[in-house]
Amino acid sequence: MTAKDVISTHENLPPLKSVDSGMPLLEVLPHLLDAPGRLLGVSEEGKIVGVIDEVSLLEGLGRMIAPRDDSSVLVVESAPQDYSASLLARAVEDVDAHLVDLISHPAADGKLHVTLRVRTTDPTQAAMSLERYGYHVVESTRGNEANASILAERLASLQALMNV
């Protein structure tokens, strides 16, 4: 999903800080946080074609994190230099589960926390495999329990970050 996928059009806008319409949506977030009035222009060939505000960005990010009934959520911790998405995927797939998506974020102690959504309703085997690969599992939530609570927590974190 890109910046152009979440724009709304407005007439008679003042000059705005802008990003290219093809910029990945996750890269748009820091630009929006730095934009005056939290309103960011989206441009194509130097011309503003629309704007992104906090609501449209949250809606776009919400569509990127679609709920799944067949998935569990695990949060693992590692040193930043030990992080490897391919190794995490291998650990999960070693137990015939599949990595649906992941997002990494810094922890307070300088470590890295990685939230994994794994296609299995019971994350026990995936958690044990991740531990065998040297990752510390700090949280594990089963199937349907994961979707509502973890997605709500992610949305609340994003809203806090954006001061919405």
> Considering non-hydrogen atoms only, spot the tightest contact between Leu39 and Ala35 and give its length.
O-CB, 3.5 Å
> Are side-chain heavy atoms of Val51 and Val42 found at a separation under 4.5 Å?
no
> Indicate yes or no: at least one non-hydrogen side-chain atom of Val76 is less than 4.5 angstrom from one of Val138.
no
> Do other residues, nucleotides or ligands put more than 12 heavy atoms under 6.0 Å from the CD atom of Glu45?
no
> Walk me through it: do Glu77 and His113 pass the test side-chain hydrogen bond (donor to acceptor under 3.5 Å, both in side chains)?
CA-CA 5 Å; Glu77 178 180 74; His113 280 188; 3.0 Å; yes
> Are any non-hydrogen side-chain atoms of Glu54 and Leu32 less than 4.5 angstrom apart?
yes
> Following the transitive rule for hydrophobic clusters with a side-chain heavy-atom cut-off under 4.5 Å over Ile, Leu, Val, Met, Phe, Trp and Tyr, establish whether Leu58 and Val19 coincide in one cluster.
yes
> Is there a side-chain contact between Asp53 and Arg38, using heavy atoms and a 4.5 Å cut-off?
no
> Do Leu57 and Leu25 have side chains that approach each other closer than 4.5 Å (heavy atoms only, starting at C-beta)?
yes
> What pairs meet the salt bridge (charged side-chain N to carboxylate O under 4.0 Å, His left out) rule with one or both residues in residues 118-135, with sequence neighbours excluded?
Asp122-Arg142
> Just so I know, are the side chains of Lys17 and Leu40 near enough to count as touching, which here means a heavy-atom distance under 4.5 Å?
yes
> side-chain hydrogen bond (donor to acceptor under 3.5 Å, both in side chains) with His105: which residues, sequence neighbours excluded?
Thr115
> Please enumerate all residues that pass side-chain hydrogen bond (donor to acceptor under 3.5 Å, both in side chains) together with Asp94, with sequence neighbours excluded.
Tyr133
> What heavy-atom pair brings Thr141 and Ser72 nearest, and what distance separates the two atoms?
O-CB, 3.1 Å
> What about Val137 and Met128, same hydrophobic cluster or not, with Ile/Leu/Val/Met/Phe/Trp/Tyr joined at side-chain heavy-atom distances under 4.5 Å?
no
> Could you check whether any side-chain N or O of Tyr135 sits under 3.5 Å from a backbone N or O of Asp82, counting only pairs where one atom can act as donor and the other as acceptor?
yes
> From Ile52 CD1 over to Glu59 CD, what is the distance, rounded to the nearest 0.5 angstrom?
11.5 Å
> Closest heavy-atom contact between Ser71 and Val100?
OG-CG2, 3.8 Å
> When rounded to the nearest 0.5 angstrom, what distance separates OG in Ser18 from CD1 in Ile48?
4.5 Å
> When clusters are formed by joining ILVMFWY residues with side-chain heavy atoms under 4.5 Å apart, either directly or through shared neighbours, do Val28 and Leu33 land in the same one?
yes
> So Val73 and Leu116, do their side chains get closer than 4.5 Å, heavy atoms only?
no
> Can you give me the closest heavy-atom contact between Ala85 and Leu102, atom names plus distance?
CB-CD2, 4.3 Å
> Indicate if Val92 and Val95 have the same hydrophobic cluster label, given that clusters are the connected sets of ILVMFWY residues with side-chain heavy-atom separations under 4.5 angstrom.
no
> Can any side-chain N or O of Ser129 pair as donor or acceptor with the backbone N or O of Ala91 at less than 3.5 Å?
yes
